[in-house]
Amino acid sequence: MSELVIQLARAGFLALLWLFVLAALRVVRSDLNSASGMRVSMPGAGRFSGRGGPAKSGKPSRNKSKTPRQLVVTDGALSGTRISLEGRPIMIGRADDSTLVLDDDYASTRHAKLSLRGTDWYVEDLGSTNGTYLDRAKVTGPTKVPLGVPIRIGKTVIELRS
């Protein structure tokens, strides 16, 4: 009888172990699916007034003729840091060879890249663990960065300024 109890306990333990592994795989799969299914919405995009034009938000419009000349860290450990924009890509992350090196536990080694395309700057997440956010919207592909709109990478917030 004791041999039967031992075998049943082993089988029960093995079944619980497999249930735990399957539950962990299910969580990982749902995280990957939700991350790849998200879309970036630009601030102000997608809101319409019903008359065929964009809705007015009540905020004064930014001067669109100004071009960004510098990248400014507005919040985080490097607050106040300024990087001159000279048309070359700006790599952001914890790697020593990044243009903006972040000492932030929530930033990946190669977290994001800012690059110039024509006259506009675009931010792109480079497969980071915690994501890159443009004004509260998660960046999932190359996304145009308007002047003065915050980009959050971990605890660091940066903006393009003229």
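- In terms of hydrophobic clustering, with Ile, Leu, Val, Met, Phe, Trp and Tyr side chains grouped at heavy-atom distances under 4.5 Å, V123 and L78 are assigned to a common cluster.
- Rounded to the nearest 0.5 Å, atoms CG (L25) and CZ (F20) are 10.0 Å apart.
- The shortest non-hydrogen separation linking S128 to G131 is OG-N, 3.0 Å.
- In this view, R88 and E86 satisfy the side chain to side chain donor-acceptor pair (under 3.5 Å) rule, not counting sequence neighbours.
- Shown here are the side chain to side chain donor-acceptor pair (under 3.5 Å) partners of T132, two or more places apart in sequence or in another chain: H111, D125.
- Grouping the Ile, Leu, Val, Met, Phe, Trp and Tyr side chains by contacts below 4.5 angstrom, directly or via other members, places I83 with L114.
- At least one side-chain heavy atom of T74 sits under 4.5 Å from a side-chain heavy atom of R161.
- Listed by chain and residue number, S115, Y122, E124, P142 satisfy the side-chain contact (heavy atoms from CB on, under 4.5 Å) test with R117 (two or more places apart in sequence, or in another chain).
- To the nearest 0.5 angstrom, L71 atom CG is 6.0 Å from I92 atom CD1.
- Here the closest heavy-atom approach between residue V73 and residue T156 is recorded as CG1-CG2, 3.8 Å.
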Identify all side-chain donor-acceptor contacts of residues 146-154 below 3.5 Å with residues at least two apart in sequence or on another chain.
none

Side-chain polar contacts of residues 100-109 - donor-acceptor pairs under 3.5 angstrom, sequence neighbours left out - could you list them?
unit_1: D104; atom_1: OD1; unit_2: Y106; atom_2: N; d: 2.9
unit_1: D104; atom_1: OD2; unit_2: K155; atom_2: N; d: 2.6
unit_1: S108; atom_1: OG; unit_2: T129; atom_2: N; d: 3.1

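- Looking at residues two or more places apart in sequence or on another chain, you find no salt bridge (charged side-chain N to carboxylate O under 4.0 Å, His left out) involving D75.
- Qualifying salt bridge (charged side-chain N to carboxylate O under 4.0 Å, His left out) partners for R82, counting only residues two or more places apart in sequence or in other chains: none.
- We find the OG-CD distance between S2 and Q7 to be 10.5 Å, quoted to the nearest 0.5 Å.
- Under the rule for a side-chain contact (heavy atoms from CB on, under 4.5 Å), the partners of D97 that lie at least two apart in sequence or sit in another chain are A95, R110.
- To the nearest 0.5 Å, atoms CG (L8) and CD (E3) are separated by 10.5 Å.
- To the nearest 0.5 angstrom, T67 atom OG1 is 9.0 Å from L85 atom CG.
- Under a hydrophobic clustering in which Ile, Leu, Val, Met, Phe, Trp and Tyr are joined whenever their side-chain heavy atoms come within less than 4.5 Å, directly or via other members, L116 and L160 fall into the same cluster.
- Here M91 is tied into one hydrophobic group with L126, each link being a pair of ILVMFWY side chains closer than 4.5 Å.
- The main-chain N or O of G141 is found under 3.5 Å from a side-chain atom of T143 such that the two form a donor-acceptor pair.
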